[in-house]
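Here's the structure we're looking at; comments come further down.
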Amino acid sequence: MKNNGNTIEKLVSLSKRRGYIFQSSEIYGGLNGCWDYGPMGVELLNNIKKEWWNSMTLRDDIEGLDSSILMHPKVWEASGHVDNFTDPMIDCKQCKARFRVDLLGGMLNEKRKKKSMKALLENCKDENIKNKIEEISANKNEAEIFNIIIDDNDLSVLLLNELNCPQCGTKSSFTSARQFNLMFKTFLGPVEDTGSAIFLRPETAQGIFVNFLNVQNSTRQKLPFGIAQIGKAFRNEINTKNFLYRTREFEQMEMQFFVKPADDKKWFNNWKGERINWFKNLGMNSDNLRLQNHPENKLAHYAKEATDIEYNFPFGWGEIEGIHNRTDFDLKRHEEYSGKSLKYFDEETKEKTLPFIIETSAGASRSFMAFLTEAYDEEEVKGEQRVVLRLHKKLAPIKASILPLVNKDGMPEIAKKIEDDLRFKFKIFYDDKGAVGRRYRRQDEIGTPFAITVDTQTLEDQTVTVRERDSMEQIRIPSENLSSFLLEKLSN
Ligand code: ATP
């Protein structure tokens, strides 16, 4: 089901229909790259964040933090974002659409498979570029030459001119590549001059790094220990696409683990395992998850080793979390730019050191989309199509619905009593409108694990039916046992 080309459209449509996700500022035509979480969406997002937060902070070696979104501008110089947080972009001269060069590379590769590199280069009119490509081509095969060219912004643009613009279809009309910084700039205070320019944070990590000693001193933690933070991040992405996958405003769940430099490998491997298991324990199929190591020549400027956890989205594999060995790069740079020591004092050895940092950086919004994709299912039941979100019980926005079979004969009164009893223990939904079959289908689409129905037998013996979402099996239990029944089922 998942890899049907039209699954994203189905997810978007279900999300709107059932109150998961709405387009931002929809009545004004929407705002590109921004989405709103509706009544169901905010519950699912909160449940994802709660599971993450608990998995991180219900242990004695990780502390929580909530640092501000706006930070001193020097933070972003020290972190390397001012110089390096850029994407190469090109514009179509015809329709002015803007593209990330590296993302168009995939399209070009498709073209290369149909047409040889030699034939592609024959069209190249720039002799300098032609010579340069001939130079690097010696003793290399087609794929190797292609990879070198696509990694080089100047060379790749020439090849990109082989493509028709994905937006308007015009051929050979791209500008040369320019570096585009992804940070959103704004101004602090009423004066809009360069001296007051600041950025919306593009990641939550830096708030953790600059608070490293504050947290350590106030909690007396010893190495190794971590700091966890959930919060919004903003990136002025050149192209937003694939629903929630690449947005301009999103939430991150980041945990930075500070270790003795000699222990970096051990902890890097430990967190790789822990993090992939977190996704599996919340219902993701192993076949849809994989770890992708970054090759050495593609590592970010701060990383010694890096792995992405990828999910098999309807459009293909995509990163949902990055795990990086950031070494002492960040603390060292913040020492350099602030002039303050960020060294850790080891009480036992009486030595001062800069710890290494193992980072686990997950997108809450991207994980949301992965969980939604994983849960979406369609099946035929008795000749009818059923759409069901098979969300893990811990993530489901609503845990149980309460449905009086008919809206009379005392059934609503009993159902309301059950609602009163459960309302403050579980997120529940009371629904007495329409045929019960339609009410079941509505809850299936929301992903509610249990539906409790009050029927004629309830009037006689105070039992209710409980229908389980995935199997659709129904059992009868005394209504007074509902609370303990749900507690047990939901915690298992
Ligand atoms: P990509 O290569 O897809 O742009 P990245 O490598 O820049 O991602 P990181 O900087 O490692 O991503 O950010 C950590 C996590 O934050 C990612 O794994 C992803 O889940 C999330 N994230 C990053 N950018 C976005 C975005 N534009 N929209 C939604 N989530 C994002």
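Numbering of residues begins at 1 and proceeds along the displayed sequence. Each ligand, and each atom within it, is numbered from 1 in the order the structure gives.
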Practice problem: Can you tell me which residue pairs pass the side-chain hydrogen bond (donor to acceptor under 3.5 Å, both in side chains) test with a partner in residues 267-285, sequence neighbours excluded? | Solution: Arg275-Glu321
Quiz item: In a check of side-chain hydrogen bond (donor to acceptor under 3.5 Å, both in side chains) between Glu305 and each of Lys265, His324, His294, which one passes?
Solution: Lys265
Exercise. Below 4.0 Å from any atom of ligand 1, which residues have a heavy atom? Give them in chain and number order, please.
Key: Arg235, Glu237, Tyr245, Arg246, Thr247, Phe250, Gln252, Glu319, Ile320, Glu321, Gly322, His324, Ser361, Gly363, Arg366
Practice problem: Indicate the ring-plane relationship of Phe212 and Phe225, choosing parallel, tilted or perpendicular according to the 30° and 60° boundaries. | Solution: parallel
Practice problem: Hey, can you tell me if Phe368 and Tyr37 have their rings parallel, tilted or perpendicular (30° and 60° cut-offs)? | Solution: perpendicular
Quiz item: What pairs meet the side-chain hydrogen bond (donor to acceptor under 3.5 Å, both in side chains) rule with one or both residues in residues 65-78, with sequence neighbours excluded?
Solution: Ser67-Gln229
Practice problem: Return each pair, listed once, that meets ring-ring contact (aromatic ring centres under 6.0 Å, His included) where at least one residue sits in residues 227-248; pairs must be two or more places apart or across chains. | Solution: Trp35-Phe243, Tyr245-Phe313, Tyr245-Phe315
